[in-house]
Amino acid sequence: MSELKVYNSLTREKEIFNPITHGLVGLYVCGPTVSGESHLGHARPYITFDIVYRWLMHSGYKVRYVRNITDAGHFEEEGRAAEDKISKKAILEQLEPMELVQKYTNLFHWAMHKLNNLDPTIEPTATGHITEQISMIEKIIADGYGYEVNGSVYFDVAKYNTDFSKKDEPYGMLSGRVLDEMIATTRDLDNQTEKRNTADFALWKNAPPEHIMRWTSPWGMGFPGWHIECSAMSTKYLGSEFDIHGGGMDLLFPHHECEIAQSNVCNHKIPARYWIHNNMITINGKKMGKSYNNVITLTQLFSGDNPVLQQAYHPMVIRFFILQTHYRSTLDFSNEALQASEKGLKRLWEAYENLKKLSMISDHQSMVNTELDTKVNKLLNEFDEFMNDDFSTAKVLANMFELVPVINGIKDQHIAAGSISAETMELLKQNIQFFVEEILGLKSESETDNNKFDGVMQLLINMRKDARVKKDYATSDKIRNELQTLGIQLKDDKNGNISYVVN
RNA sequence: GGUUCCGUGGCCGAGUGGCUAGGCAGAGGUCUGCAAAACCUUCCACAGCAGUUCGAAUCUGCUCGGAACCUCCA
């Protein structure tokens with residue numbers, strides 16, 4: 001099998017993946033801020049890293065997958081209202097902060113399960129790790145890279161940059177920014193007087209009594225800064241140096257850059273070896289995001305309840321839509337694109353269902369069509385290769401679609417069952433099943449997989465068959481057409497069999 | 001202004017120096033009681049200009065257009 005290669009944002013190159021400890025992988029992914037509902041844009045990183053997680057496990061690694069829940073509201077920038085997002089909304093909604101956080105955490109988990117994302121192995125919360133964060137800040141201060149002003153603590157970026165540039169680890173090494181240029185071009189913000197430098201960032205923020213979320217600290221009552229939670233939690237659960245750190249590209253700077261600086265001071269190491277970033281989902285060419293006021297929440301997407309949506313989209317359609325694109329490309333949302341995905345997924349899934357029912361009658365080795373047999377084997381064997389090439393789910397799907405006509409052809413007997421060898425048929429069944437369900441994480445759209453329903457359908461199908469034999473087309477068409485209006489499609493195949501699909 | 005990236009056929013999207021990705025839509029056909037589905041065939045492409053090369057959508061330069069980040073953000 002080929003070696004796994006991943007694109008590393010840190011080096012801007014595709015690199016062969018080698019874990020720090022043989023057989024084990026530490027994976028940290030920045031999780032949601034549960035002060036609001038998850039939207040389509042949030043679905044992408046979690047699906048992307050679900051694929052990474054699944055593929056690493058398949059590759060034989062024992063993976064610790066840590067994805068945090070940010071439930072301690074990050075404040076806005078200095079100068080704006082001195083209250084964090086969560087406390088602000090809590091007042092508006094007349095809810096306790098914890099109640100609000102719980103609500104959106106539950107909703108997030110619900111959506112993740114709908115999208116068939118596996119649960120991370122550890123899902124730590126920021127509020128559950130206040131002491132770890134405080135310890136880390138104390139260490140940063142002790143080492144001279146943090147300073148306290150009026151109960152808040154800031155990270156001294158300039159000092160860090162000067163000292164660590166000597167080790168070839170300047171501030172900006174991940175995002176390609178040069179500190180001096182940044183200082184020269186940073187916008188003027190109000191109330192920056194506490195900071196020594198505009199590029200400095202908060203480690204701890206003083207909070208007044210009216211601020212709901214606050215904790216005691218060596219510097220008084222307050223709450224942790226923007227980036228420290230990820231450093232504290234990744235260090236705690238994955239160690240001072242771990243394998244993969246993931247998240248959206250928009251977190252590259254400043255979030256991940258600051259994480260590197262903080263962790264490097266505390267642990268004397270760049271925290272992660274491989275930094276993987278997924279690209280954004282756009283809508284009309286613009287990033288989907290709160291600031292753009294163009295978000296479609298996942299609940300809206302699943303229900304169709306948003307003016308820009310022409311219909312509801314099944315969670316599996318969303319997953320398929322995202323997997324058809326490489327994770328580092330932008331993906332533009334439109335109803336047309338989603339509808340195309342819906343149809344494509346349906347076709348793929350039906351072929352998969354057909355494949356499962358194919359019997360293994362291929363003992364006529366003399367009939368094997370070598371050319372077809374070779375082609376099928378090639379397409380199947382490339383699944384591994386494509387996944388190992390920076391998780392190219394789009395290519396895996398393309399190959400699957402090339403196999404669809406082969407599967408359907410055998411089913412419809414356009415292609416003789418013996419055209420491919422028994423071994424190839426077995427590989428076809430195994431690989432398609434494994435990659436569709438276990439790696440890509442697709443599952444049936446229909447919720448009607450039960451024997452009673454199927455029994456009723458078989459009854460109707462048999463009635464239609466009888467009517468057709470009697471040439472009673474009025475009855476046979478009535479059964480077909482009325483089922484159609486219920487969203488159940490009957491399909492006649494060549495040899496008189498009838499199958500059904502629930503739309 | 002700085003940093004980074006992108007521009008592929010009607011739409012969505014892979015891709016990389018020579019070998020037509022794929023999906024959706026369109027056209028024609030096979031099958032069918034009719035239809036659907038399926039299957040077969042097929043149209044449409046690499047933003048523009050110049051260069052490197054035997055050969056470029058793929059490398060280089062420039063031009064035009066777009067995006068992300070620089071502020072919470074997946």
A.B. asks: Check the surroundings of atom CD in A/Gln311: do more than 12 heavy atoms from other residues, nucleotides or ligands lie under 6.0 Å from it?
C.D. replies: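 More than 12 within 6.0 Å, yes.
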
A.B. asks: Are OP1 or OP2 of B/A68 and a side-chain N or O of A/Tyr292 less than 4.0 angstrom apart?
C.D. replies: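 Affirmative; the distance criterion is met.
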
A.B. asks: Taking only the P atom of each, what is the distance from B/A67 to B/C12 in whole angstrom?
C.D. replies: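 These two P atoms come out 15 Å apart once rounded.
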
A.B. asks: Considering the options A/Glu123, A/Glu229, A/His129, which one meets the side-chain hydrogen bond (donor to acceptor under 3.5 Å, both in side chains) requirement together with A/Asn68?
C.D. replies: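 Between A/Asn68 and the candidates, side-chain hydrogen bond (donor to acceptor under 3.5 Å, both in side chains) is satisfied uniquely by A/Glu229.
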
A.B. asks: Please test A/Phe201 against A/Tyr154 for ring pair (Phe, Tyr, Trp, His ring centres under 6.0 Å), starting from the C-alpha separation and ending with a verdict.
C.D. replies: CA-CA 5 Å; A/Phe201 56 90; A/Tyr154 296 96; 9.2 Å; no

A.B. asks: List the atom pairs, with distances to 0.1 Å, where a side-chain N or O of residues 168-175 of chain A and a protein N or O form a donor-acceptor pair under 3.5 Å, not counting sequence neighbours.
C.D. replies:
unit_1	atom_1	unit_2	atom_2	d
A/Glu169	OE1	A/Asn264	ND2	2.9
A/Ser175	OG	A/Arg177	NE	3.3
A/Ser175	OG	A/Glu257	OE1	2.6

A.B. asks: Below 4.0 angstrom, which residues in residues 471-478 of chain A have at least one non-hydrogen atom near RNA chain B?
C.D. replies: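 Output list: A/Tyr473, A/Ser476, A/Asp477.
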
A.B. asks: Over 60° means perpendicular and under 30° means parallel, so classify the ring planes of A/Phe333 and A/Tyr313, tilted if in between.
C.D. replies: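 Taking A/Phe333 first and then A/Tyr313, their aromatic rings stand perpendicular (interplane angle over 60°).
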
A.B. asks: With a 4.0 Å cut-off on heavy atoms, is A/Lys287 in touch with a base, just the backbone sugar-phosphate, or nothing at all?
C.D. replies: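 It contacts base atoms.
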
A.B. asks: Go through the structure and list residues passing salt bridge (charged side-chain N to carboxylate O under 4.0 Å, His left out) with A/Lys478, not counting sequence neighbours.
C.D. replies: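 Partners of A/Lys478 under the salt bridge (charged side-chain N to carboxylate O under 4.0 Å, His left out) test: none.
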
A.B. asks: Which residue is it: A/Arg44, A/Lys287, A/Lys290? I am looking for the one with a salt bridge (Lys or Arg N to Asp or Glu O under 4.0 Å) to A/Asp250.
C.D. replies: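 Single salt bridge (Lys or Arg N to Asp or Glu O under 4.0 Å) partner of A/Asp250 among A/Arg44, A/Lys287, A/Lys290: A/Lys287.
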
A.B. asks: Using a 4.0 Å cut-off on protein heavy atoms (strictly under), produce a 5'-to-3' string for nucleotides 36-41 of chain B with B for base contact, S for backbone-only sugar-phosphate contact, and - for none.
C.D. replies: BSSSS-

A.B. asks: Dump the pairs, protein N or O against N or O of nucleotides 18-20 of chain B, anything under 3.5 Å, distances to one decimal.
C.D. replies:
none

A.B. asks: Among all residues two or more places apart in sequence or in another chain, which pass the side chain to side chain donor-acceptor pair (under 3.5 Å) test with A/Thr282?
C.D. replies: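 Result, side chain to side chain donor-acceptor pair (under 3.5 Å) vs A/Thr282: A/Asp332.
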
A.B. asks: Students often mix this up, so state it plainly: with edges at 30° and 60°, are the rings of A/Trp349 and A/Tyr352 parallel, tilted or perpendicular?
C.D. replies: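 Ring orientation of A/Trp349 relative to A/Tyr352: perpendicular.
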
A.B. asks: Looking only at atom C1', what distance separates B/G55 and B/G17, rounded to whole Å?
C.D. replies: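 Per the computed distance, 8 Å lies between those C1' atoms.
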
A.B. asks: What distance, rounded to whole Å, do you find between the two C1' atoms, one in B/C31 and one in B/G23?
C.D. replies: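 It comes out at 24 Å once rounded to the nearest Å.
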
A.B. asks: Return all side-chain donor-acceptor pairs below 3.5 angstrom for residues 389-410 of chain A, not counting sequence neighbours, or 'none' if the list is empty.
C.D. replies:
unit_1	atom_1	unit_2	atom_2	d
A/Asp389	OD1	A/Lys14	NZ	2.8
A/Asp390	OD1	A/Tyr7	N	3.1
A/Asp390	OD1	A/Tyr327	OH	2.6
A/Asp390	OD2	A/His326	NE2	3.4
A/Asp390	OD2	A/Tyr327	OH	3.2
A/Asp390	OD2	A/Arg328	NE	3.1
A/Asp390	OD2	A/Arg328	NH2	2.7
A/Ser392	OG	A/Asp389	O	3.2
A/Thr393	OG1	A/Leu323	O	2.7
A/Asn399	ND2	A/Leu379	O	2.9
A/Asn399	ND2	A/Glu382	OE1	2.8
A/Asn408	OD1	A/Asn354	ND2	2.9

A.B. asks: For RNA chain B, what dot-bracket results from Watson-Crick or G-U pairs at under 3.5 Å, with [ ] for crossers and | for inter-strand partners?
C.D. replies: (((((((..(((.....[...))).(((((.......)))))....(((((..]....))))))))))))....

A.B. asks: Among all residues two or more places apart in sequence or in another chain, which pass the side chain to side chain donor-acceptor pair (under 3.5 Å) test with A/Asn369?
C.D. replies: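 A/Asn369 satisfies side chain to side chain donor-acceptor pair (under 3.5 Å) with no residue once adjacent residues are dropped.
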
A.B. asks: At under 4.0 Å between heavy atoms, what does A/Leu251 touch on the DNA or RNA strands: base, sugar-phosphate, or nothing?
C.D. replies: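 Touches sugar-phosphate only.
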
A.B. asks: For a quick check of understanding: with a heavy-atom distance under 4.0 Å over all strands, which category does A/Met280 fall into, base, sugar-phosphate or nothing?
C.D. replies: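 It contacts base atoms.
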
A.B. asks: Would you measure the distance from the P atom in B/G13 across to the matching atom in B/G9 and give it in whole Å?
C.D. replies: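 Looking at atom P only, B/G13 and B/G9 are 11 Å apart.
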
A.B. asks: In whole angstroms, how far is the P atom of B/A21 from the CD atom of A/Glu402?
C.D. replies: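 It works out to 10 Å between those atoms.
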
A.B. asks: B/G61 and B/U53: how far apart are their C1' atoms, nearest whole angstrom?
C.D. replies: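 Their C1' atoms lie roughly 16 Å apart.
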
A.B. asks: Between B/A37 and B/G26, how far apart are the two P atoms, rounded to whole Å?
C.D. replies: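 The answer is 10 Å between these two P atoms.
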
A.B. asks: Parallel, tilted or perpendicular: which describes the rings of A/Tyr65 and A/Tyr53, with under 30° parallel and over 60° perpendicular?
C.D. replies: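 Answer is tilted, since the angle falls between 30° and 60°.
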
A.B. asks: Return whichever of A/Asn399 or A/Asn278 has its heavy-atom-nearest nucleotide of RNA chain B closer to the 5' end.
C.D. replies: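 The 5'-side residue here is A/Asn399.
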
A.B. asks: List, with names and distances, any nitrogen or oxygen atoms from the protein found under 3.5 Å away from nitrogen or oxygen atoms belonging to nucleotides 3-5 of chain B.
C.D. replies:
unit_1	atom_1	unit_2	atom_2	d
B/U3	O2'	A/Ser175	O	3.3
B/U3	O2'	A/Gly176	O	3.3

A.B. asks: Among residues at least two apart in sequence or on other chains, which ones pass side chain to side chain contact (heavy atoms under 4.5 Å, CB included) with A/Lys465?
C.D. replies: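 A/Lys465 satisfies side chain to side chain contact (heavy atoms under 4.5 Å, CB included) with A/Ile461, A/Asn462, A/Asn497, A/Ile498 only.
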
A.B. asks: Taking only the C1' atom of each, what is the distance from B/C46 to B/U58 in whole angstrom?
C.D. replies: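 Comparing C1' positions in B/C46 and B/U58 gives a spacing of 10 Å.
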
A.B. asks: When the P atoms of B/U52 and B/G2 are considered, how many whole Å apart are they?
C.D. replies: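 It works out to 31 Å between them.
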
A.B. asks: Polar atoms only, N or O, under 3.5 Å: list the protein pairs with nucleotides 10-14 of chain B and their distances.
C.D. replies:
unit_1	atom_1	unit_2	atom_2	d
B/G13	OP1	A/Asp332	N	2.7
B/A14	OP1	A/His326	N	2.9
B/A14	OP1	A/Ser329	OG	3.0

